[in-house]
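Below you'll find the structure, written out as structure tokens, and then a few comments.
These numbers were taken from a predicted model, which means no experiment stands behind them. Below, chains carry the letters A, B, ... as their sequence lines are ordered, and counting in each starts from 1.
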There are 4 protein chains.
Amino acid sequence: MSSNFHQPQSNVDDDLARRYSDIRALSEMLAAPLSAEDQCIQSMPDASPVKWHLAHTTWFFETLLLIPHASSYQPFDPRYHYLFNSYYESLGARHPRPERGLITRPSSDQVIEYRRHVDDAMARLLDGGRTLNIDWLCELGLQHEQQHQELILTDIKHALSCNPLLPEYSETALEPASAAPLLSWRDYAGGIYWIGSADGGFAFDNEQPRHRVLLQPFRLASRLVTCREFLRFIEDDGYRRPEFWLSDGWSFVQSTGIGAPHYWIHDSDRWQIFRLNGLQPLNPDEPVVHVSFYEADAYARWSGRRLPTEFEWEAAAVNEPLRGKFLNPACLHPTVAADGETQFYGDAWEWTRSAYEPYPGYRPWEGLASEYNGKFMCSQMVLRGGSCATPAGHIRPGYRNFFPPSARWQFSGIRLAEDA
Amino acid sequence: MSSNFHQPQSNVDDDLARRYSDIRALSEMLAAPLSAEDQCIQSMPDASPVKWHLAHTTWFFETLLLIPHASSYQPFDPRYHYLFNSYYESLGARHPRPERGLITRPSSDQVIEYRRHVDDAMARLLDGGRTLNIDWLCELGLQHEQQHQELILTDIKHALSCNPLLPEYSETALEPASAAPLLSWRDYAGGIYWIGSADGGFAFDNEQPRHRVLLQPFRLASRLVTCREFLRFIEDDGYRRPEFWLSDGWSFVQSTGIGAPHYWIHDSDRWQIFRLNGLQPLNPDEPVVHVSFYEADAYARWSGRRLPTEFEWEAAAVNEPLRGKFLNPACLHPTVAADGETQFYGDAWEWTRSAYEPYPGYRPWEGLASEYNGKFMCSQMVLRGGSCATPAGHIRPGYRNFFPPSARWQFSGIRLAEDA
Amino acid sequence: MSSNFHQPQSNVDDDLARRYSDIRALSEMLAAPLSAEDQCIQSMPDASPVKWHLAHTTWFFETLLLIPHASSYQPFDPRYHYLFNSYYESLGARHPRPERGLITRPSSDQVIEYRRHVDDAMARLLDGGRTLNIDWLCELGLQHEQQHQELILTDIKHALSCNPLLPEYSETALEPASAAPLLSWRDYAGGIYWIGSADGGFAFDNEQPRHRVLLQPFRLASRLVTCREFLRFIEDDGYRRPEFWLSDGWSFVQSTGIGAPHYWIHDSDRWQIFRLNGLQPLNPDEPVVHVSFYEADAYARWSGRRLPTEFEWEAAAVNEPLRGKFLNPACLHPTVAADGETQFYGDAWEWTRSAYEPYPGYRPWEGLASEYNGKFMCSQMVLRGGSCATPAGHIRPGYRNFFPPSARWQFSGIRLAEDA
Amino acid sequence: MSSNFHQPQSNVDDDLARRYSDIRALSEMLAAPLSAEDQCIQSMPDASPVKWHLAHTTWFFETLLLIPHASSYQPFDPRYHYLFNSYYESLGARHPRPERGLITRPSSDQVIEYRRHVDDAMARLLDGGRTLNIDWLCELGLQHEQQHQELILTDIKHALSCNPLLPEYSETALEPASAAPLLSWRDYAGGIYWIGSADGGFAFDNEQPRHRVLLQPFRLASRLVTCREFLRFIEDDGYRRPEFWLSDGWSFVQSTGIGAPHYWIHDSDRWQIFRLNGLQPLNPDEPVVHVSFYEADAYARWSGRRLPTEFEWEAAAVNEPLRGKFLNPACLHPTVAADGETQFYGDAWEWTRSAYEPYPGYRPWEGLASEYNGKFMCSQMVLRGGSCATPAGHIRPGYRNFFPPSARWQFSGIRLAEDA
């Protein structure tokens, strides 16, 4: 991995102001390769414009920290409250999500001004009479912004892919060719495991309370499924044989007509992949990404295996080093596993077979943040481990990402499991 | 319970032929109050015509038992294979589900002839060289038919409710007024519980394998939520306050405009309920039914409680007597709990907070029945306990029903839970 | 023409009561081959159940004649007013059109009772103090019922075609084979023509006022386009070449994927047609029917011709004898033209290139009938001449039928025109 | 009217090159107040981004003139052929219309480069061996660009109106207050009129052939309907009374919930209008615009009058001076009629009651331009006279504009008519 990319230091609370400015700077760095036009568009209701991400994360600091806690703070523009609220019902009406791409004004430049205005006020707040609560809210705002950094990349990737010219987000070198290591199986004993993030470092409310879960013995694959492996599923007519699919998944395949992961393009007898650095030949050794839960599940069933539960995943991952290929502007794509690399973290979010449900004893946070996670605990599936678009330092063994089973525009991949 | 209604004996394998004819007869008895026109219509894609249920359950015996196992069997009409397959992809193309209501031919009379044809062949089969496999398939066919008996009632209820004349399915007396017992709380210890149906009696594949689950201490309400209790939620603007709702549930409320359970009609300052015996005054003491998971969940949150998990429910229910108000043509509606009656079984299916997922080690049945349950394990919620439309003898502590979270046309109700 | 089918005498006002009973009887004769189930279903929002037609035409007499003019009349069931109003806004709310197929009650038998009730009252009214206004309203009711007789046939044809068993409405013999006469061209001079129905006999408000129109010289084809001729368009890839199509027509073809007239089925290298007497081999000499305006227009453009305007059609047709193949239960299908037969009347409604607009000086009728025709004068195309499902005596040279350009379930065909 | 706005000279063929550069410059002048973001967005499928208009009009010259007629011409970017074709089926596949707003690349700057590239080649072509055909195609390209100039304004108006900040396109002064003249009626004799544009000056194929039409005597209002007059319709519950509406119009009102013209905003008991210079108080004396055909027709029926036919309009307008308030950047809104001003031209397109149909003997142009007009002759209504967004010199008495009856985003208004 390129070492000239300065990654924000995670979990370093003793210099919150430094961390604030590092993370805020990264968001703007991610927008930098894009024109004002690029930053404005919205290619589907699920995705948002880059400019909106830059403004919404700023609104989050303004709303949760500055307005309640910085007494002399003057909002940059009171009308932004309506424009840049995402989904907080308790904060009142907001701009309809599918119309975010029509907001040409404020301009990109004005949104940057808005960021400066809030950054200045945040600097004063963090410099002044900090409290534990302010520190915590600031950390929440930073974690929130990191989540949107990943979405900036996945959303603009989707938007650019809708342009028949297939423009690139940034020009980066292709990684050198190498072969994926052989897939092997790791055994995990049955028994009672602690699940959930411990108190101490930052964790979202949905990762808590920490609690015990009883697991049967299981095995996990030693790395992610590669494109080569997934191609065999395609070539075996996997997308045309209902016996591998959940009923909803089969309806999804029938109604969309898909026959390969998103961003795969079959052209003159070869596969290419649209990446953030443009259209490139498919590298069969790299992990497959941009599959829905339905495809991940069908692939697993075709292969005679299954997806792991989120508890199995966490029980295994908690003992893995918290290393991996995270967000790196020099290579915004998953890469071939090195020998011995397990890819539990980074590269690709791993679909689990677990529906996104509350943990026993779960309570949403109080106050404005109460709507952050809990209200989405229905009809979504849990993904684990972070991806090549997840900022370094943002992930934890207990981190729970979640998306509807049909979502394909995230860097979502597959790790196989089986009963032991 | 009315005693003049002969209920099929459950789990009595020593007289399978008798059980076959009892259960088959009940289906026709349920259709008897309906005209041929009534039996033909389909009021929404999720519901099916009564005639279709009568034919499809017959097709099930024909396809799973007679064609593979009765060597001289001649299908009644080979074209019915296309018409009356429900969702078995491995059996080929089938009539589109939303168009089942356009099948005026075969007529109701012809469908009854079809039933006779298959019943005769089944009688010969059961009378001849039975095998364990045949017995099991026959039992599966009967369990399957019992499931459709419940759907006959819920589907025709929906269909009749679409007629502005609000015609009744059958004329039955209203149960005498009585007060619901006070709601109390029962404590259950944390620890490891066995979950799932044991080998022995019939069980669906989704109830197995039996396995252990670790639970935290919890409490369950001593009976179902009543209409009076649910009215307080309505009167407290529960349907208009997003803080009680899951995000999907709030979207559901906004897009449908609902403000009460399905079949509740507000008219001149009083509530009435459309029942299978027509429009009747709401009885505030009876259990609330025809709520979606979203409403059940919002009600629980409003009340400061939560829904039970399916494991909590089963851990508690396994020690309850398998009694309750099941399908009884004399009263097709849930009724007020008697003193001490827990209503774990019958009256209303109870929404749990558990998404419908495979148990550890789950394997679908082999062969044609492999599509019966497993392929639906996505985006649905588990309900437990059976209802007033469930045939007596059909339910078990381990029985898992499942519907999408927006479904309201089943007799689905609410039992509250809380952490201990 | 079969002579054993007694056709109602048209335009015979001196025996209105006789005419009333003849026409009312025909409606029930048309329903007679159908079961109660057949009569109940609705296969698309544009079509209505046969039972609904029987009830709605009865409601029309009740609402326009009996309630205002028969002082002692008691409505059969006041709730029918809501159920069987079609589109009269001035008469208040009504049952939603797409849900007409869910009305199993009243039953078919009850609807027949309803008819008797109204017929009896009508007999008394016509026997009593008749006025010109009552006679006119009665005639309007009869003309209205005749329009619905045609719809009974086209709607049940559509409904039966949705059943994969393709059941027949009635069993009738196929007409003997014969060759269509050669197509020739008839010249019509330019100049000023009178258009519109004269006072005297019954005419709808949309056929009036009679007025003069200036036409350029034109030619019309001597008969309707045959299936053989239309097949050449299909074989020349007519449905796949946008240059022949209106923009809306091309979108229609693309979104529906059609490649032949409605009810044409291509099976093992031959064409069959679903008719009211079941699936039959295509007879290439008979007129093509069940084409939309888009297809008629594209065919005309492909052939180097065009469709006539409604004024050209009327200018020519007014001099033709008012004869043709009209509704005859012995043959509910268009038939091969005899030598010299122009087919201006009967066989197939002829799409014109004229949008349905008001004539100069047009005024809708006063009162309840004001909504009969005028409010539909937008986005529909005019058809002329009646079809094999139009009751004899119902058609006139000035009669204007109208449907949206995509409608295909009527017996709609093509006559070519060109500039002279 | 501001005199400092240089309007292109119309119908001056003797200096086509000058005319070319004037008209091309106006398009860019219209885009000038807009940021690159503004120019990129698309607010509904019917509207297009400003950048797309700038590119598409350029593509039109490239495709119709340069590629066939300028032998050494090199296309600026061959991929633009796919991107900027609008609806020409004969030119092959094209970018889907609803996704035009996702084309951030080429950027606005690149589109301006594209315009320069084509303008340079056009200058060489017009400077070289011109032919009548080249001159005609160039004129067609200019007329085409003028049509898109109007769309640039109406489309960006719609897009900006979707932003809750209601940003203005440009800051311009409000016109001084004045009272609309009294409405009077002008009589026109019945008889035969010549309709259609004569040979000579440029005209679209749909305005030809010139032909005679027989009209009844009629009257037309002396000016457009004002906002004050339309307000009386609103206040008389015009939008809530079905008796004034066509059936399709009433469905439109019911499904959209509209209760005023588009861009009218009711706020604290007063009406405001969103204009290209932002939100402004409604001026009751100015002509009402942004009404659909349905609203125009309902207003006319409410007022006891009707809309004119396009023939009546032309018969009257042909004798009016070709003057009016056309596109003027200093006032992009209709203005109060001066005394004696008839407003036949400019201010607002006038809905007629005429469906858009071919004239007798109509032939589309040959070649690429054949798809320009004829294929849209279905389900649209004719509008006449041009608007405040129509470039001066672009309009003629015979000019036929056409839109679906539900279209509201054009400057479409109402002139009343009645039978004499």
Practice task
Could you walk me through whether D:Val213 and C:Leu214 pass side-chain contact (heavy atoms from CB on, under 4.5 Å), step by step?
Solution key: CA-CA 6 Å; D:Val213 165; C:Leu214 176 57; over 6 Å; no
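Among the candidates D:Phe218, D:Trp250, D:Tyr356, D:Tyr294, the residue making the largest number of heavy-atom pairs closer than 4.5 Å to chain C is D:Trp250. Put simply, of D:Pro404, D:Gly361, D:Gly249, the one with the most heavy-atom pairs under 4.5 Å next to chain C is D:Gly361. Of the listed residues (C:Ser90, C:Pro360, C:Pro358, C:Ser370), the greatest number of heavy-atom pairs within a distance under 4.5 Å of chain D belongs to C:Pro358. Ranking C:Arg353, C:Gln216, C:Glu371 against chain D, the residue ahead of the rest is C:Arg353, based on heavy-atom pairs under 4.5 Å.
At a 4.5 Å heavy-atom cutoff, the contact between C:Phe293 and chain D is made by side-chain atoms alone. In this structure, the portion of C:Ile192 lying under 4.5 Å from any heavy atom of chain D is its side chain and not its backbone.
To the nearest 0.5 Å, the span separating CD on C:Gln380 from OG on D:Ser379 amounts to 9.5 Å. With rounding to the nearest 0.5 Å, the separation of CZ in D:Arg363 from CZ in C:Arg306 is 8.5 Å.
Crowding of C:Arg97 atom CZ: a count of heavy atoms from other residues, nucleotides or ligands under 6.0 Å exceeding 12.
Looking at heavy atoms from C-beta onward, C:Met377 lies out of side-chain contact with D:Asp297 at the 4.5 angstrom threshold.
Contact between C:Leu246 and D:Cys378 at its shortest, heavy atoms only, is CD1-CB, 3.9 Å.
Between the side chain of D:Glu89 and the backbone N or O of C:Glu243 there is no donor-acceptor pair closer than 3.5 Å.
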